Each structure stands twice: as structure tokens, then as C-alpha cells.
Amino acid sequence: MKALKIFFILLVFLFCTLGMSNGAIAGEITFTAVSDVNLKADKVNNSMTPSINNLLKAADDINHSGSDCVFFLGNNISGANPYDLVMFSKAINKIQKPIYTTIGNRDVQKAKNLDKKEYFRLLNKFSKNKTSKLPCAKKINGLVFIFMDGTNQMVSLPRGYFKDGELIILEKYLTKYKNENVIIIQHFPVADMKEEIKNTYNANDYKTILKRHNNVIAVISGNENEDFEIEDENGIKHINVQSLSKSNEYKVINIRPVNKNINSKGFSIKTKIISVE
């Protein structure tokens, strides 16, 4: 009888352990989202630049935060420059949390010998970044994160464009994980911007795919130095993160499951703006 009791206690403990992560309930995550670092190094004088200083301050803050992981949302460097990318990589390597990086229109340009393949080769050589190509999907804390692209390495498109092949991959991922909760991480927002001229070129094609699936909780993006949070007609929360280089700010986002009667997706989403000033 005593052995049975001990077994029962161990079984309960095992289930509790599997359902928890860093003190959070299953399906809950707190992460840091940093957009538009636009790092520019001083190669001539080898001195600290404002963009490097901002990133190092953010890294120190993140190390002392309760975030489970960190997402860099693109435009990580000010232009397609391998030296700046190495400096960015070494700076984020100081972060003691799992790091997942996307790219923006300023990050890659084939004519400057920094295409997407070379970008991730250098990034992952000098940092512990966990993405190596886009699109890709990762499971983190019981949630599925899909990392999208939208850039063109031949010509920089500030508004972004998701190619047909990439949208096909997005739909495949959403179908594959139809029974799981999905968060999309990318540089370009697909929500309607205040100024129509700033809308991503084929955002409507992208949103048509989202409408066909009911497993997307949120889309996290950057690109424009705008702080907005919009819930669309499908109950998807679009969260835009302002530019670290322009506002000296980033966001911490907490997503956790709640009673489904509270909202259509059954998740609570809370954000907090953090300043590095």
C-alpha cells in the first residue's frame, strides 16, 4: 500500500512537471520581441555606436527578465553588410535565452554578397540563434511558432512581399498543425496600416490563408516604427513592435490559455513596452 501511494505521488508530480515550464502552465509563454535594431558598427574607429549600445542594454535587460525566449523581427542591421551582421551576432550572443531571428528588407542583398544563406551562416556562426532558414516552424512551450520571410534578396522592398511559394508553405504548416495553437513571427505586418501606402504588398492574399484556418492566435511583426495591437474579424491578434533604433523600445509579450468564454481563441495576450533609455 505504501509503495502504491509513493507511485501515485510520483505520477502526479510527473504530470505537473510535464505541464509546467519555468513556473508557467502548459501553453503559456512570455517572450521578448525586438524589431528594427538597425545595427551599424563603427569599423573605422572601432567605437561604440548608439545602435550597438541600445542592443547591449536590451540584452542585459532580457537576461534579468522572466522571458522564456527572444525573437528578433528583422532589419537587425542597417544594411546588408557582413561586418555589421557579425557585430549583431556577437551582441545577441550575450543573451542567455533561446534566440530566434527573422530577417527584414535591410538585412539581405545578393549584390552585396549577403544573401539569405550567407546571412544565416554568419549569424549562426557567431551566435546561438535557432533559425537557419525561412519559413520554418518551431515548437516552444506547447505552442507552434511559424517564422515567415517576405523579403527579396535581389531588390529591397520596404513594404515586403510574400511569394506564392512561401504562402504555400504557410498553408501547409497551418494544416499540419491544425490541432495546435500557432503564433506567427515575421518582419512585415499583414494588418491594415494607418496609411494604406505602408501596407504589405500582398497582405490580402496572406489574410485569405489565415481566414481558412482557426488555429492562429497572433501575428507578431515590426518594420514600421508603430506600436499597435489589433484583433481582426477572425480573432487573431496582430501585434506590431516599434523600432529599437528609433524609439529605444521593445516589447515583452505574455500569452496564456484562459476560459474560452473570454475570447474566441481562448488565450489572454498581454504586452509591455520596455525602454532601454
Side-chain angles (χ1 to χ4, degrees), residues 11-35 58-59 61-73 95-102 130-131 136-148 170 173-187 189-191 207 210-211 213-222 226-242 244 249-275:
L11 191 63
V12 171
F13 176 78
L14 177 62
F15 276 112
C16 290
T17 302
L18 290 174
M20 303 290 282
S21 175
N22 295 329
I25 60 177
E28 178 177 4
I29 189 168
T30 298
F31 58 86
T32 297
V34 184
S35 187
D61 289 347
I62 292 165
N63 284 338
H64 294 90
S65 74
S67 288
D68 297 300
C69 57
V70 185
F71 301 132
F72 284 94
L73 304 179
I95 298 174
Q96 298 162 8
K97 311 272 184 178
I99 299 167
Y100 302 83
T101 303
T102 61
K130 292 181 175 293
T131 54
C136 67
K138 306 281 185 180
K139 283 193 175 183
I140 311 171
N141 286 29
L143 298 166
V144 174
F145 287 80
I146 298 175
F147 299 85
M148 295 292 286
L170 172 62
Y173 278 141
L174 293 179
T175 302
K176 178 180 179 179
Y177 298 109
K178 63 183 179 180
N179 296 320
E180 302 191 56
N181 297 299
V182 173
I183 299 166
I184 299 176
I185 306 292
Q186 60 193 35
H187 182 65
V190 290
K207 288 186 284 188
L210 295 182
K211 287 179 182 178
H213 301 268
N214 62 2
N215 52 341
V216 179
I217 302 169
V219 178
I220 316 297
S221 57
E226 292 188 27
D227 165 29
F228 66 77
E229 299 178 19
I230 303 168
E231 185 170 316
D232 66 22
E233 65 273 18
N234 302 302
I236 300 171
K237 193 74 170 284
H238 295 262
I239 300 174
N240 214 61
V241 179
Q242 56 271 52
L244 181 69
E249 295 173 337
Y250 60 90
K251 278 187 178 179
V252 174
I253 302 171
N254 172 264
I255 299 178
R256 69 181 186 83
V258 294
N259 189 321
K260 282 200 173 183
N261 292 327
I262 294 179
N263 60 37
S264 59
K265 295 293 180 179
F267 279 83
S268 165
I269 302 177
K270 295 182 179 180
T271 66
K272 184 178 181 181
I273 296 173
I274 306 295
S275 173

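Keep in mind that this is a model prediction, so the values were computed, not measured.
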Item checked: Ile253 side, atom CD1; Lys237 side, atom NZ - distance, nearest 0.5 Å -> 9.0 Å

Item checked: Residues that Asp232 engages under salt bridge (charged side-chain N to carboxylate O under 4.0 Å, His left out), provided they are two or more places apart -> none

Notebook entry, point to check: Can you check whether Phe267 reaches Ile183 side chain to side chain, under 4.5 Å on heavy atoms?
Noted result: no

Item checked: Contact check, side chains of Ile269 and Glu231, non-hydrogen atoms, under 4.5 Å -> no

Notebook entry, point to check: Shortest non-hydrogen contact from Pro189 to Gly222?
Noted result: CD-O, 3.6 Å

Margin query: If we count only N and O atoms by modelled type, under 3.5 Å, do the side chains of Asn240 and Ser221 hold a donor and an acceptor together?
Written below: yes

Note to self: Going by the rule ring-ring contact (aromatic ring centres under 6.0 Å, His included), which residues pair with Phe71 if we only count those two or more places apart in sequence or in a different chain?
What the structure shows: Phe31, Tyr100, Phe145, Phe147

Margin query: Looking at every non-hydrogen atom in both residues, tell me the closest pair between Lys97 and Ser67 and how far apart they are.
Written below: NZ-O, 3.0 Å

Item checked: Distance in Å, Ile95 CD1 paired with Asp61 CG, rounded so as to fall on 0.5 Å steps -> 10.5 Å

Note to self: Check this for me: Lys138, atom NZ, are more than 12 non-hydrogen atoms of other residues, nucleotides or ligands nearer than 6.0 Å?
What the structure shows: yes

Next item on the list: Measure the spacing between CG of Leu244 and CD1 of Ile274 and express it to the nearest 0.5 Å.
Entry: 12.0 Å

Notebook entry, point to check: Does the side chain of Asn63 come within less than 4.5 Å of Gln96's, by heavy atoms?
Noted result: yes

Check: Do Val144 and Tyr173 come within less than 4.5 Å of each other through their side chains, counting heavy atoms only?
Finding: no

Margin query: Is any side-chain heavy atom of Asn215 closer than 4.5 Å to one of Glu180?
Written below: no

Next item on the list: Using a 4.5 Å cut-off on heavy atoms from C-beta on, say whether the side chain of Asp68 contacts that of Ile140.
Entry: no

Checklist line | Side chain His187, main chain Leu73, donor-acceptor under 3.5 Å | finding: yes

Check: How about Glu28 and Asn254: does a side-chain donor come under 3.5 Å of a side-chain acceptor?
Finding: yes

Next item on the list: Taking all heavy atoms of Val241 and all of Ala33, pick out the closest pair and write down the distance.
Entry: CG1-O, 3.5 Å

Checklist line | Residue pair Ile236 / Ile184, side-chain heavy-atom distance below 4.5 Å | finding: no

Check: side chain to side chain contact (heavy atoms under 4.5 Å, CB included) between Asn234 and Lys207: does it pass, once the steps are laid out?
Finding: CA-CA 10 Å; Asn234 302 302; Lys207 288 186 284 188; over 6 Å; no

Margin query: Rounded to the nearest 0.5 Å, what separates atom CD1 in Ile255 from atom CG in Leu143?
Written below: 7.0 Å

Next item on the list: Evaluate the criterion side chain to side chain contact (heavy atoms under 4.5 Å, CB included) for residue pair Thr175 and His213; output intermediate values, then yes/no.
Entry: CA-CA 8 Å; Thr175 302; His213 301 268; 3.4 Å; yes

Next item on the list: Taking all heavy atoms of Lys251 and all of Phe228, pick out the closest pair and write down the distance.
Entry: NZ-O, 4.1 Å

Notebook entry, point to check: Do Thr30 and Ser65 come close enough that some side-chain heavy atom pair is under 4.5 Å?
Noted result: no

Note to self: As an exercise, state the distance from CD1 of Ile185 to OG1 of Thr131, rounded to the nearest 0.5 Å.
What the structure shows: 11.0 Å

Check: Once you round to the nearest 0.5 Å, how far does CD1 of Ile217 lie from CG of Asn181?
Finding: 4.0 Å

